[in-house]
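We number each residue from 1, following the sequence as shown. The figures that follow rest on heavy atoms only: side chains count, while hydrogens, waters and symmetry mates do not.
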Amino acid sequence: AIAGHPQSRHNLGYYEMRSERYDRGVKHWIIAATQGYDGSMKALMDAFRREFVGKDVLAATLRAHKAAIDATKSTQRDTAEIFFRLKGCG
């Protein structure tokens with residue numbers, strides 16, 4: 001899973017949580033969230049509510065998640081998204 005797809009990381013985190021290896025599951029979710037995967041960010045917020053993740057770790061991951069999202073934003077992407085929505089492709 002090194003340098004893998006964020007959704008794959010998320011799935012590994014889910015598997016680890018189901019196997020009661022909470023620290024490993026949280027680590028996978030943190031990595032996926034810092035790559036910009038929203039599902040892992042939501043899972044980490046749930047893990048925070050269940051006290052598997054500390055407030056400082058959640059805050060740092062949220063900042064990294066936002067930075068990853070901001071890094072992928074561009075006017076060209078926004079224009080392409082609008083184009084595909086109007087064409088019914090997305």
Side-chain angles (χ1 to χ4, degrees):
I2 295 174
H5 192 270
Q7 188 173 1
S8 298
R9 277 279 184 186
H10 174 78
N11 293 342
L12 283 171
Y14 178 76
Y15 173 78
E16 295 291 357
M17 294 299 275
R18 296 266 318 207
S19 299
E20 298 182 5
R21 292 185 290 257
Y22 304 116
D23 290 344
R24 292 176 74 175
V26 166
K27 285 179 186 179
H28 283 297
W29 285 343
I30 289 171
I31 293 168
T34 59
Q35 292 176 334
Y37 189 66
D38 293 331
S40 289
M41 198 66 238
K42 291 175 185 175
L44 283 168
M45 288 184 186
D46 183 53
F48 172 73
R49 282 187 227 106
R50 294 171 39 194
E51 299 181 1
F52 289 118
V53 178
K55 187 176 183 179
D56 53 339
V57 172
L58 182 67
T61 306
L62 186 58
R63 285 190 298 273
H65 179 263
K66 183 178 179 338
I69 297 298
D70 290 345
T72 61
K73 286 187 179 178
S74 71
T75 55
Q76 187 176 10
R77 283 179 187 254
D78 294 340
T79 304
E81 182 179 358
I82 292 168
F83 173 78
F84 285 114
R85 281 190 184 171
L86 291 174
K87 291 289 187 178
C89 300

Revision key, fill the gap. One should read off an interatomic distance between L44 CG and R49 CZ, to the nearest 0.5 angstrom, of 11.0 Å

Revision key, fill the gap. Between the CE atom in M45 and the CH2 atom in W29, the distance rounded to the nearest 0.5 Å is 13.0 Å

**Study point:** Closest approach of A32 to P6 (non-hydrogen atoms, all atoms of both residues)
**Key:** CB-O, 3.4 Å

Practice item. Count the heavy atoms of every other residue, nucleotide or ligand shown that sit under 6.0 Å from CG of D23, and state whether that count exceeds 12. Key: no

Practice item. Might you work through the side chain to side chain contact (heavy atoms under 4.5 Å, CB included) test for D70 and K73, ending with a clear yes or no? Key: CA-CA 5 Å; D70 290 345; K73 286 187 179 178; 3.9 Å; yes

Point to revise | Residues, nucleotides or ligands: over 12 heavy atoms within 6.0 Å of Y22 OH | key: yes

Review point. Who are the ring-ring contact (aromatic ring centres under 6.0 Å, His included) partners of F48, not counting sequence neighbours?
Key: none

Practice item. Nearest 0.5 Å please: distance from the CG atom of L12 over to the CZ atom of R21. Key: 10.5 Å

Revision key, fill the gap. When rounded to the nearest 0.5 Å, the distance separating CZ of R9 from CG of N11 is 12.0 Å

Check your understanding: Out of curiosity, T34 OG1 to M41 CE, how far, rounded to the nearest 0.5 Å?
Key -> 10.0 Å

Point to revise | Pair R77 + E81: basic N to acidic O under 4.0 Å | key: no

Review point. Is the closest side-chain donor-acceptor distance between H65 and D38 under 3.5 Å?
Key: yes

